[in-house]
Amino acid sequence: MRRPWYALSSIALALALAGCQSTDDTSQPDVAEQNQAQSAADQCEVGNTPIDGEQDCEVAKDGVIDVIHPNDDDELEVDLDAEEKAAEISKAPVVIDDVWDRIANQLTLDVPDHDKRIAIQRNWYLKHPEYMQRFTKRARPFLFYITEQIEQRDMPLELALLPIVESAFDPFAYSHGRAAGMWQFIPGTAKRFGMSQTWWYDGRRDVIASTQGALDYLAYLNTMFDGNWLHALAAYNSGEGRVMRAIQRNERAGKPTDFWSLDLPRETRAYVPKLLALADLLKNQDKYSYNWPDVENVEVIKTLDIGSQVDLAFAADLAGMQLKALQALNPGFNRWATDPDGPHRLVLPVDKADVFEQKLAKIDRKERLNWVRYKIKRGDSLSQLASQYHTTTAIIKKVNGLKSDVIRIGQHVMVPVALKELNAYTLSEDQRLASLQSTQHANHKLTHTVVSGDTFWDLSRKYDVSTRDIAKWNGMAPTDPLMTGKKLVIWKNQVSSNQQGDAIIKSLTYTVKRGDSLSVIASRFNVRISDIRKWNELQRNRYIQPGQKLKLFVDVTRLQNIG
């Protein structure tokens, strides 16, 4: 086992918390940088840095993923009080005062000198020191905790760098395959490793739960691959079955089975080199004349068991914190309160935790939420009440001891309500999406309501924008399913004559009737003939037939013109 590390605190401790405002096109270098944005890679660039040579260009194209960072960085300065400072200073022995140095001194994985993929990734990081500043801001509240968890399990400290590769240390990051959180878990794997996902809570974004799950998964993979950490890392990215099959293919062909010899997806071929390039830069800072931003080697967060559901605004007031700051430390909670079914856990700055715990112990659990006494009226239902007060039918039933969804006129029920206006909970799931969708990317914003059969490809053709942009504007990945009734925003610098700046677009399927022509249909729905042809891939010399189905994208604000 590794020996413990101790730290000397400096004068002030800065917690840089991820995500407080929606990004715009000019403030999302994480997508373009960390993931080597697809458009740049297609032009043989990495992060707008030209790559020389055809072979290098091919290497640079590997590993391209779109990770959506729906929030910019905000810094929250949190000073330890005098007693905390004195306690930290008195710790002995003083070994190291920077977590990056603590990690660097324990790196053990071999970094091959011969592999060009590592060199390209390393050179990119060297050319973009500002990127290190960005992910270090996000890492500061959690890096000490993650490092200690890895040390306690006697696992390679290179794993502390994995959130850089996965998400740039952003707990709100979201990417293809519906992967979410700092460690980028897809729903199925998250559930497999103990991260629940409910209306109230998503354990993939909970830094505590997801770190435990990630290390559990990596330990499992390491055992599966007989202690080979590069195989385990590759499997973390692309799945254990895919890596195992690649190994077996090489064995049958009499080829080497080390990571560098395996035929793996392009993303995975770049994934491990990215991590090793970062490890090399950290371990050999002097060699590369590259300084990592300091992160104090001192505990900055504490996890408290609070025992029951609590309004996050109430908790923030009790802790003497800004609500946004509390949410940033507890990104797993989707709504205005913690999950009534748990986890009953809050993460707080270490210098606020004890006082908060003492205050909370004096407050009855029923007072941790606000309540309204609601009298049932004709037409009311539990689902309607749940929607109105932003809670769930299960909670209303549980609180009121209801055995079924049946309620009667004149009956009174108690319903929990948020302490503040919902837009005050800026990092809740709804408010993050609202903020993201309102961030201006062009001159005109259109709204599209998804109907059955819609796809990102259909919408990209309709609006002449990329599927990637539509997904980014709406906090999704291009591979996500589109749910009927979901409202999407579309940004364009110019809108066609049949679209207004405040258009609300819905798609519909029109059945051609006898006597119809493209011009008649276009006039009826205020669309262009050329658009109908494009949406339905109609050739100019072909006539439409009665009974034929046509897909149309219609501005419903102008439907009154339809005869």
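Sequential numbering from 1 along the given sequence is applied to the chain's residues.
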Between [Y] and [X], is there a side-chain donor-acceptor contact under 3.5 Å, judged purely by atom types and distance?
X      : Y      : answer
Lys324 : Thr426 : no
Ser238 : Glu267 : no
Thr467 : Trp457 : no
Ser517 : Ser519 : yes
Tyr389 : Gln384 : no
Tyr425 : Asn334 : no
Lys487 : Thr449 : yes

Would you call [X] and [Y] a side-chain contact if the rule is heavy atoms closer than 4.5 Å?
X      : Y      : answer
Lys445 : Thr439 : no
Phe172 : Leu427 : yes
Leu459 : Val465 : no
Lys492 : Asp464 : yes
Leu126 : Asn123 : yes
Phe259 : Leu264 : yes
Ile395 : Pro416 : yes
Pro331 : Val207 : yes

Margin query: Under the criterion side-chain hydrogen bond (donor to acceptor under 3.5 Å, both in side chains), I'd like the reasoning laid out for Lys549 against Thr511: C-alpha separation, chi angles, the key distance, then a yes or no.
Written below: CA-CA 5 Å; Lys549 305 290 186 182; Thr511 302; 2.8 Å; yes
Check: Using 30° and 60° as the class limits, which term best fits the ring planes of Trp124 and His128: parallel, tilted or perpendicular?
Finding: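 Plane angle under 30°, so parallel.
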Listed partners of [X] passing side-chain contact (heavy atoms from CB on, under 4.5 Å), at least two apart:
X      : answer
Glu421 : Asn423
Asn250 : Lys255, Thr257, Ser261, Leu262
Ala209 : Met195, Tyr201, Asp206, Arg345
Lys513 : Tyr510, Asp516

Short side-chain to backbone donor-acceptor contact, [X] and [Y], under 3.5 Å:
X      : Y      : result
Thr136 : Gln133 : no
Arg204 : Gly181 : no
Asn237 : Ala234 : no
Ser435 : Gln431 : no

Next item on the list: Can you sort out the partners of Ser387 under side-chain hydrogen bond (donor to acceptor under 3.5 Å, both in side chains), two or more places apart, ordered by chain and number?
Entry: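 Testing Ser387 for side-chain hydrogen bond (donor to acceptor under 3.5 Å, both in side chains), a comparison that skips the adjacent residues, returns none.
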Next item on the list: List for me each residue that meets side-chain hydrogen bond (donor to acceptor under 3.5 Å, both in side chains) alongside Thr484, sequence neighbours excluded, and say none if there are none.
Entry: none
For [X], check salt bridge (charged side-chain N to carboxylate O under 4.0 Å, His left out) against everything at least two apart and list the hits.
X      : value
Asp458 : Arg461, Lys551
Asp339 : none
Asp480 : none

Check: Under the side chain to side chain contact (heavy atoms under 4.5 Å, CB included) criterion, do Trp200 and Phe333 qualify, and how do the steps go?
Finding: CA-CA 6 Å; Trp200 293 97; Phe333 295 116; 6.0 Å; no
Locate the shortest heavy-atom distance separating [X] from [Y]; write the atom from each residue and the value.
X      : Y      : answer
Ala270 : Gln121 : CB-NE2, 4.1 Å
Val243 : His231 : CG1-O, 4.0 Å
Asp311 : Leu419 : OD2-N, 2.7 Å
Asn474 : Leu488 : OD1-CA, 3.3 Å
Trp260 : Pro273 : CZ3-CG, 3.9 Å
Ile396 : Leu402 : O-CD1, 4.5 Å

Check: What do the steps show when you test Ser381 against Ser383 for side-chain hydrogen bond (donor to acceptor under 3.5 Å, both in side chains), and what is the final call?
Finding: CA-CA 5 Å; Ser381 67; Ser383 60; 3.1 Å; yes
Can you measure from [atom1] ([X]) to [atom2] ([Y]) and round to the nearest 0.5 angstrom?
X      : Y      : atom1 : atom2 : result
Gln184 : Ser210 : CD    : OG    : 10.0 Å
Leu162 : Tyr236 : CG    : OH    : 6.0 Å
His448 : Ile490 : NE2   : CD1   : 7.5 Å
Glu166 : Ile164 : CD    : CD1   : 11.5 Å
Ile376 : Ile407 : CD1   : CD1   : 4.0 Å
Gln309 : Thr338 : CD    : OG1   : 5.0 Å

Checklist line | Lys/Arg-Asp/Glu bridge criterion (N-O < 4.0 Å) met for Asp430, Arg335 | finding: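 Yes.
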Notebook entry, point to check: What do the steps show when you test Phe169 against Arg134 for side chain to side chain contact (heavy atoms under 4.5 Å, CB included), and what is the final call?
Noted result: CA-CA 9 Å; Phe169 269 101; Arg134 289 180 65 83; over 6 Å; no
Margin query: Going by ring pair (Phe, Tyr, Trp, His ring centres under 6.0 Å), name the residues that satisfy it together with Phe193, two or more places apart in sequence or in a different chain.
Written below: Tyr217
Check: Going by the salt bridge (Lys or Arg N to Asp or Glu O under 4.0 Å) test, which pairs reach into residues 183-195, not counting sequence neighbours?
Finding: Arg192-Glu240
Item checked: salt bridge (Lys or Arg N to Asp or Glu O under 4.0 Å) contacts in which one or both residues fall within residues 172-183, not counting sequence neighbours -> none
Next item on the list: Could you please spell out the steps behind the side chain to side chain contact (heavy atoms under 4.5 Å, CB included) verdict for Thr393 and Leu385?
Entry: CA-CA 8 Å; Thr393 56; Leu385 288 180; over 6 Å; no
Next item on the list: Apply side chain to side chain contact (heavy atoms under 4.5 Å, CB included) to Val415 and Thr391, showing your working.
Entry: CA-CA 8 Å; Val415 184; Thr391 184; 4.1 Å; yes
